[in-house]
Amino acid sequence: MAQMIVGGAPRSATNGAVTEIRNPANGEVVDTAPRGEAADVAEAVEAAARALPDWARTAPHRRAALLLRAAERIGEHAAELASLLTREQGKPLRESGLEIARFGDILRYYAGLADKLRGEYVPLAERDKYGLVVHQPIGVCAAIVPWNYPVHLMGSKIAPALVAGNTVVVKPASTTPLTSIRCVELFLEAGLPAGVLNVVTGPGGTVGEALLVHPAVRKIAFTGETATGKHVMEVAAREVKRVTLELGGSDPMIVCDDADLDAAAAAATVNRFWNAGQTCIAAKRLYVFETVADEFVGKLVGRVERLKVGDGLARDTRMGPLHTARQREEVEAMVADAVARGATVIAGGARPDGDEYARGNYYLPTLLEHVDPASRIAREECFGPALPIFRVPDLDAAIAGANDSPYGLGSSVWTRDLARARAAAARLEAGYTWINAVQLDHDELPFGGVKQSGYGKERGVEALAYYTESKSIVVAS
Ligand code: NAD
């Protein structure tokens, strides 16, 4: 039975309740995790508050050394962690391996920045005084993480928070707490002081909510659905807590008539079907120029039909099950809605046949054409393996369609014409635009959405600003 980690020690829920964590590939119980409540959150926040003064005073190079040691421990346990992640989340083992590797990478990236955080000397109009601007930790931070990238998205919050001198309480999604807990155990083994990093497990409505309202939590770093993010922002507003929100997306991918169609089809396959389509920056709408549409769609269908669907632990699996039965039902409902409005299914569109699929949440990778832009799959976020394809006459039409969304997370454009690519990047309403590149986020670049896809940035040097408060000091000389 997995345990929460509070003040450096494992613990069960105050009420003794547990949640079964089930493998999306076959429904089997992987382990149980404590089903915490507000009392557990209060203890974790108090532990983080007690640890704060010492951690905030710890020399930056020492904080960095601890993160580096933790990254080393994660690397030593990579195979065990990847297997656990696949069993609780469902993604193929090679994707889990990459996620664990990226967790180590993000720890190393921020460890490298720890001793580069500095302030400014500011000459003042009053000449017998000068100003200093220093950057201080915010305090206890809550890191609320979704189930699609439980480890990497925990990393993108805790790494900048810790190097900047904050202490953290992590709340994993209630269906994916196991790998996160194991990672935090490895932090403790690496020597992180008790209380600096805590994990409380349980439902969003109780554990998550208790974190939002706890007066000692000064900053909430949230990744999840836009609807939940709006609620987080409302609650945070009452106490003027700092928030960063990484929310839903419906990224457009544009394929122009001069694109490398083979490369674009390969990228579209990864962009949409990686993690069974459950990626915030998945390409969720595809716009292809009419003149090359038949050729491009033919290439894409060929690739998509070759994707091997199966248990993530099998070496040849390229797409695992959806994370939950509810998630699959949601995708099925969106495909049915599109079909009812006239869409044609050109690949997939059903659950796979066969005994090996009977107990898991499997759905075939799906492509749709002739989709009514008013369909749910075009208007909402489709968090699963189904891609609507729209044929457009030119770039203006592609960009108009792309921007006709409440979301603005990522976007990509495929063309050999640099001027066209730059124009598209300037006009696409999104926090990220990839030009002739797979929609893969980079630790070195700030990441975050515009419109209803979020508020604030994670990653890059920029993220540190979201984990510090600047303070002005005036010195009379
Ligand atoms: P979700 O909003 O249901 O849950 C996210 C987290 O919030 C979970 O830990 C959940 O327990 C918690 N939570 C739920 N209700 C809460 C409440 N009232 N108070 C506090 N916490 C609460 O999202 P999900 O289904 O786990 O994740 C999928 C969504 O996340 C998709 O919309 C996806 O696009 C988005 N996402 C965004 C990014 C990004 O960086 N922009 C990255 C990954 C996922």
Side-chain angles (χ1 to χ4, degrees), residues 19 33 35-38 41 88-91 99 102 106 142-157 169-177 180 199-214 217 220-236 238 241 243-251 274-284 322-324 326-327 330-331 380-384 405-410 430-432 439-443 445-460 463 466:
T19 304
R35 191 177 168 84
E37 52 184 34
V41 170
E88 71 171 333
Q89 203 276 344
K91 62 182 67 182
E99 183 169 346
R102 290 203 64 190
I106 207 160
I144 303 180
V145 183
W147 49 261
N148 63 337
Y149 290 92
V151 178
H152 187 234
L153 294 174
M154 173 173 79
S156 62
K157 295 168 180 55
V169 179
V170 175
K171 194 213 101 51
S174 42
T175 51
T176 53
S180 315
V199 193
V200 278
T201 53
T206 48
V207 168
E209 198 69 29
L211 273 171
L212 302 185
V213 299
H214 197 295
V217 171
I220 300 154
F222 172 84
T223 300
E225 287 181 23
T226 293
T228 323
K230 287 179 182 177
H231 171 71
V232 170
M233 198 166 184
E234 277 169 21
V235 176
R238 280 183 225 141
K241 291 185 196 232
V243 280
T244 37
L245 302 172
E246 300 293 346
L247 309 179
S250 180
D251 292 7
W274 193 259
N275 199 10
Q278 304 161 121
T279 302
C280 55
I281 47 166
K284 296 182 181 126
L322 278 90
H323 181 53
T324 58
R326 193 177 73 86
Q327 204 59 37
E330 186 67 9
V331 175
E380 301 172 26
E381 176 179 41
C382 178
F383 216 54
S405 168
Y407 297 109
L409 194 55
Y432 232 109
Q439 296 190 189
L440 168 74
D441 55 302
H442 296 271
D443 291 341
L445 289 174
F447 179 95
V450 302
K451 300 200 279 188
Q452 293 192 22
S453 286
Y455 180 78
K457 301 288 176 189
E458 287 194 339
R459 328 251 168 89
Y466 293 92

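Residue numbers run from 1 in the order of the sequence given. Indexing begins at 1, ligand by ligand and atom by atom, following the structure's order.
- Close approach of ligand 1 to Leu409 (heavy-atom distance below 4.0 Å) involves ligand atoms 41 (N).
- In terms of protein heavy-atom proximity, atom 36 (N) of ligand 1 is closest to Cys280 CB, 3.5 Å.
- Checked by atom type and distance alone, the side chain of Thr226 pairs as donor or acceptor with a backbone atom of Gly248 at under 3.5 Å.
- Ala236 and Val243 get closest at one heavy-atom pair: CB-CG1, 3.4 Å.
- Geometrically, ligand 1 and Lys284 share no nitrogen or oxygen pair separated by less than 3.5 Å.
- Of all heavy-atom pairs between Ser453 and Gly449, the closest is CB-CA, 3.8 Å.
- The shortest heavy-atom distance from Pro172 to ligand 1 is under 4.0 Å.
- Residue Gly248 approaches ligand 1 through these ligand atoms, each under 4.0 Å from one of its heavy atoms: 32 (O), 34 (O).
- Among all protein heavy atoms, the one lying closest to atom 27 (O) of ligand 1 is Pro146 CB, 3.2 Å.
- In this structure, the protein non-hydrogen atom closest to atom 11 (O) of ligand 1 is Lys171 NZ, 2.9 Å.
- For a threshold of 3.5 Å applied to N or O pairs, the pair formed by Thr223 and ligand 1 contains no separation below that value.
- Between the side chains of Glu458 and Ser156, at least one donor N or O lies within less than 3.5 Å of an accepting N or O.
- For a threshold of 3.5 Å applied to N or O pairs, the pair formed by Gly202 and ligand 1 contains no separation below that value.
- Under a 3.5 Å cut-off, the side chain of Glu99 and the backbone N or O of Val151 do form a donor-acceptor pair.
- Considering backbone and side-chain N/O of Asn148, none are found under 3.5 Å from N/O of ligand 1.
- Taken to the nearest 0.5 Å, the CZ atom of Arg35 stands 6.5 Å off from the OG1 atom of Thr206.
- Compare Trp147, Phe222, Tyr407 by their heavy atoms: the one nearest to atom 25 (O) of ligand 1 is in Trp147.
- Near Leu153, meaning under 4.0 Å from any of its heavy atoms, are these atoms of ligand 1: 42 (C), 43 (C).
- Below 30°, between 30° and 60°, or above 60°: for Trp147 and His323 the angle between ring planes is below 30°, a parallel geometry.
- If you check which protein heavy atom lies closest to atom 18 (N) of ligand 1, you get Glu209 OE1, 2.8 Å.
- Taking the side chain as every heavy atom from C-beta outward, Val169 and Val217 never approach each other to under 4.5 Å.
- Annotation: Val145 places an N or O atom under 3.5 Å from an N or O atom of ligand 1; distance criterion only.
- Looking at Asn148, its side chain never comes within 3.5 Å of a backbone N or O of Asn275 through a donor-acceptor pair.
- Atom 37 (C) of ligand 1 has its nearest heavy-atom neighbour, among Ile281, Thr324, Leu247, Thr175, in Leu247.
- By the 3.5 Å distance cut-off applied to N or O atoms, Ser453 is not counted among the residues near ligand 1.
- Annotation: side chain of Asp441 is in contact with side chain of Arg102 (closest heavy-atom distance under 4.5 Å).
- Checked by atom type, the side-chain pair Gln278/Lys91 shows no donor-acceptor distance below 3.5 Å.
- Among all protein heavy atoms, the one lying closest to atom 31 (C) of ligand 1 is Glu381 OE1, 3.4 Å.
- In terms of protein heavy-atom proximity, atom 4 (O) of ligand 1 is closest to Gly224 CA, 4.5 Å.
- The closest side-chain heavy-atom distance from Lys284 to Phe383 is below 4.5 Å.
- Closest to atom 22 (C) of ligand 1 among all protein heavy atoms lies Gly204 CA, 3.6 Å.
- Across Leu245 and Val232, no two heavy atoms sit closer than the pair CD2-CG1, 3.9 Å.
- For Ser174, no nitrogen or oxygen atom sits less than 3.5 Å from a nitrogen or oxygen atom of ligand 1, counting backbone and side chain alike.
- For the residues His231, Arg459, Glu246, the heavy atom positioned nearest atom 39 (C) of ligand 1 is part of Glu246.
- For Tyr149, the heavy-atom gap to ligand 1 stays at 4.0 angstrom or more.
- Summarising the geometry of Leu153 relative to Pro146, their closest heavy-atom pair is CD1-CG, 3.6 Å, with the distance given to 0.1 Å.
- Looking only at heavy atoms of the protein, atom 23 (O) of ligand 1 is closest to Glu225 N, 3.3 Å.
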